Student: 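Structure below; questions to follow.
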Amino acid sequence: MEDNITKEDLDTLITFLKKMPRLTQSTNVLAFEKEWSDWLGVRFSVFVNSGASANLISMAALRHLYGLGEIIVPPLTWVSDVASVIQNGFEPVFVDINPKNLCMDDAQVISKLNDKTRAVFLTHVQGFNGLTERLLRSLEERDIPLIEDVCESHGATFKGKKLGGFGLLSNFSFYFAHHMSTIEGGMVCTDDEMIYETIRMLRSHGMVRESTNVEIKQKYVHEYPDLSPDFIFAYPAYNVRNTEIGAVLGRSQLKRLDENNIKRQKNFEIFIKNLDPQKYRTDFDLEGCCNYAFNLVLKKADLGFRKNVETALKNAGVEFRRGSSGGGNQLRQPYLKDFLPEKEFEKYPEVEHIHFFGYYIGNYPTLGKQKVLELCNLLNSL
Ligand SMILES: Cc1ncc(COP(=O)(O)O)c(C=O)c1O
């Protein structure tokens with residue numbers, strides 16, 4: 001993988017730093033949030049210090065505003081999606097993935113919806129869209145919120161609309177390997193004003209003065225006359241703010257995001273078209289996908305072939321991760337041991353296949369056609 005932060009971004013940052021500005025969250029953070037909202041097509045965005053923090057305060061907002069219950073979440077995702085559910089006292093409910101897009105199987109999600117379901121926390125895995133009409137319709141009919149984790153899929157679309165604009169809340173990451181990077185960073189996005197105000201407070205110690213809504217502030221000041229209006233803490237919360245440095249880098253890269261995404265999409269198409277379908281899965285649902293990684297999934301559960309693939313990639317100096325982006329089946333991880341019956345992970349065969357035979361390999365804008373073809377030739381020769 002190659003860093004998305006260029007010399008041009010760093011020059012912009014240096015010019016900014018030379019002005020001796022304030023570096024804690026300030027005008028650049030606000031401007032980045034506004035520009036991100038415009039890019040995504042939502043009303044509000046809140047810049048935080050990581051995608052994991054975006055997950056954490058999204059689940060916290062849901063708990064405070066909607067109450068506890070079950071959250072449907074995939075076993076193939078990043079640890080923080082599941083951890084944030086547990087940390088906030090929700091019960092995680094898992095379903096298997098659809099092998100065509102690596103996201104939760106929509107029919108299985110629908111079959112698990114019930115009176116206790118507080119939300120569906122869907123991860124758009126590795127640039128693929130995980131939404132379907134029937135899933136959105138089912139959630140709307142039952143008035144169950146959708147939370148989208150778009151940390152791996154900036155710019156991907158469903159029916160021409162960007163992912164992250166469908167849910168009550170959506171989360172993005174700007175960590176190193178992702179479509180763009182603010183060193184560390186994440187974004188929480190929403191169209192809902194109450195959610196926005198709550199997320200702003202949760203980002204900053206639960207402080208009421210972080211709300212932009214005068215009525216909310218006055219309500220607390222009126223209810224708690226013994227407290228300094230500057231120090232009213234509405235929620236037991238966190239400090240997950242980012243800085244002006246991250247925002248300057250984010251604003252600089254956002255200008256190139258669409259252009260870079262087109263390059264990544266081209267690379268991905270070349271990769272999928274030239275891979276041997278007898279050996280690797282190539283029948284992914286590519287509509288609207290925008291991938292920062294090449295998904296390499298072995299067709300057969302063959303440990304000998306897996307060894308050949310890993311050895312060949314290592315020898316050629318190609319960086320890869322087994323288990324896709326999150327290390328495979330979360331249900332096999334020690335942190336979930338106390339929450340699940342023994343061998344629960346076996347009930348999710350599609351995730352299990354990705355766990356043992358799925359990989360991700362970096363796909364970045366400066367990677368040319370020739371290199372992608374070389375990679376395919378290497379893999380096909382095995
Ligand atoms: C789906 C998903 N959610 C959340 C995160 C966490 O993002 P961060 O690394 O910025 O904390 C990641 C990280 O890679 C991710 O892939």
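Residue numbers run from 1 in the order of the sequence given. Order of listing sets the numbers, starting from 1, for every ligand and every atom in it. In this text the structure is predicted, and so the values were computed from the model without any measurement.
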Student: Please identify which atoms of ligand 1 are closer than 4.0 Å to at least one heavy atom of Ser173.
Tutor: 7 (O), 8 (P), 10 (O)
Student: Under a 4.0 angstrom heavy-atom cut-off, which atoms of ligand 1 come close to Tyr175?
Tutor: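 What qualifies from ligand 1 is 9 (O), 10 (O).
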Student: Under 4.0 Å from a heavy atom of Gly51: give me the atoms of ligand 1 that qualify, with their elements.
Tutor: 6 (C), 7 (O), 8 (P), 10 (O), 11 (O)
Student: Are Phe174 and His154 an aromatic pair by the rule of ring centers under 6.0 Å?
Tutor: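 Yes, the ring of Phe174 comes within the 6.0 Å limit of the ring of His154, centre to centre.
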Student: Looking at every non-hydrogen atom in both residues, tell me the closest pair between Phe128 and Asp285 and how far apart they are.
Tutor: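 Smallest interatomic distance, heavy atoms only, reads CD2-O, 3.7 Å.
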Student: So Ile270 and Leu373, do their side chains get closer than 4.5 Å, heavy atoms only?
Tutor: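 SC-SC contact between Leu373 and Ile270 confirmed.
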Student: Any idea which protein heavy atom is nearest atom 3 (N) of ligand 1, and the distance to it?
Tutor: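 Of the protein heavy atoms, Asp149 OD2, 2.7 Å lies nearest.
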Student: Which distance, rounded to the nearest 0.5 Å, do you find between the CZ of Phe345 and the CG of Leu340?
Tutor: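 Phe345 atom CZ to Leu340 atom CG measures 10.0 Å (nearest 0.5 Å).
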Student: Quick one: CD1 on Ile354 to CG on Asp96, what's the gap to the nearest 0.5 Å?
Tutor: 10.0 Å
Student: What's the shortest distance from atom 14 (O) of ligand 1 to any protein heavy atom, and which residue and atom give it?
Tutor: His178 NE2, 3.0 Å
Student: Hey, is Ser80 one of the residues with a heavy atom under 4.0 angstrom from ligand 1?
Tutor: yes
Student: Centres of the Trp36 and Phe47 rings: under 6.0 Å?
Tutor: no
Student: Considering only protein heavy atoms, which is closest to atom 15 (C) of ligand 1, and at what distance to one decimal place?
Tutor: Trp78 CB, 3.4 Å
Student: If we set the cut-off at 4.0 Å for heavy atoms, which region of Ser50 has an atom near ligand 1: side chain, backbone, both, or neither?
Tutor: both
Student: Atoms of ligand 1 less than 4.0 Å from Asn55 heavy atoms?
Tutor: 3 (N), 4 (C)
Student: List ligand 1 atoms under 4.0 Å from Asp81, heavy atoms only on the residue side.
Tutor: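 Counting atoms of ligand 1 from 1, those under 4.0 Å from Asp81 are 2 (C), 3 (N), 4 (C).
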Student: Check this for me: does any side-chain nitrogen of one of Arg322 and Glu310 sit under 4.0 Å from a carboxylate oxygen of the other?
Tutor: yes
Student: Determine whether more than 12 heavy atoms belonging to other residues, nucleotides or ligands lie under 6.0 Å from atom NZ of Lys266.
Tutor: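 It does not: Lys266 NZ has 12 such atoms or fewer within range.
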Student: Heavy-atom contacts with Ala52 under 4.0 Å: which atoms of ligand 1 show up? List them by number with element.
Tutor: 6 (C), 7 (O), 8 (P), 11 (O)
Student: Report, in ascending order of atom number, the atoms of ligand 1 lying under 4.0 Å from any heavy atom of Thr123.
Tutor: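 Contacts of ligand 1 toward Thr123, numbered from 1: 1 (C).
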Student: Under 6.0 Å between ring centres: does that hold for Tyr360 and Phe320?
Tutor: no
Student: I need the nearest protein heavy-atom contact for atom 16 (O) of ligand 1: residue, atom name and distance, please.
Tutor: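 In this structure, atom 16 (O) of ligand 1 has Glu152 OE2, 2.6 Å as its nearest protein heavy atom.
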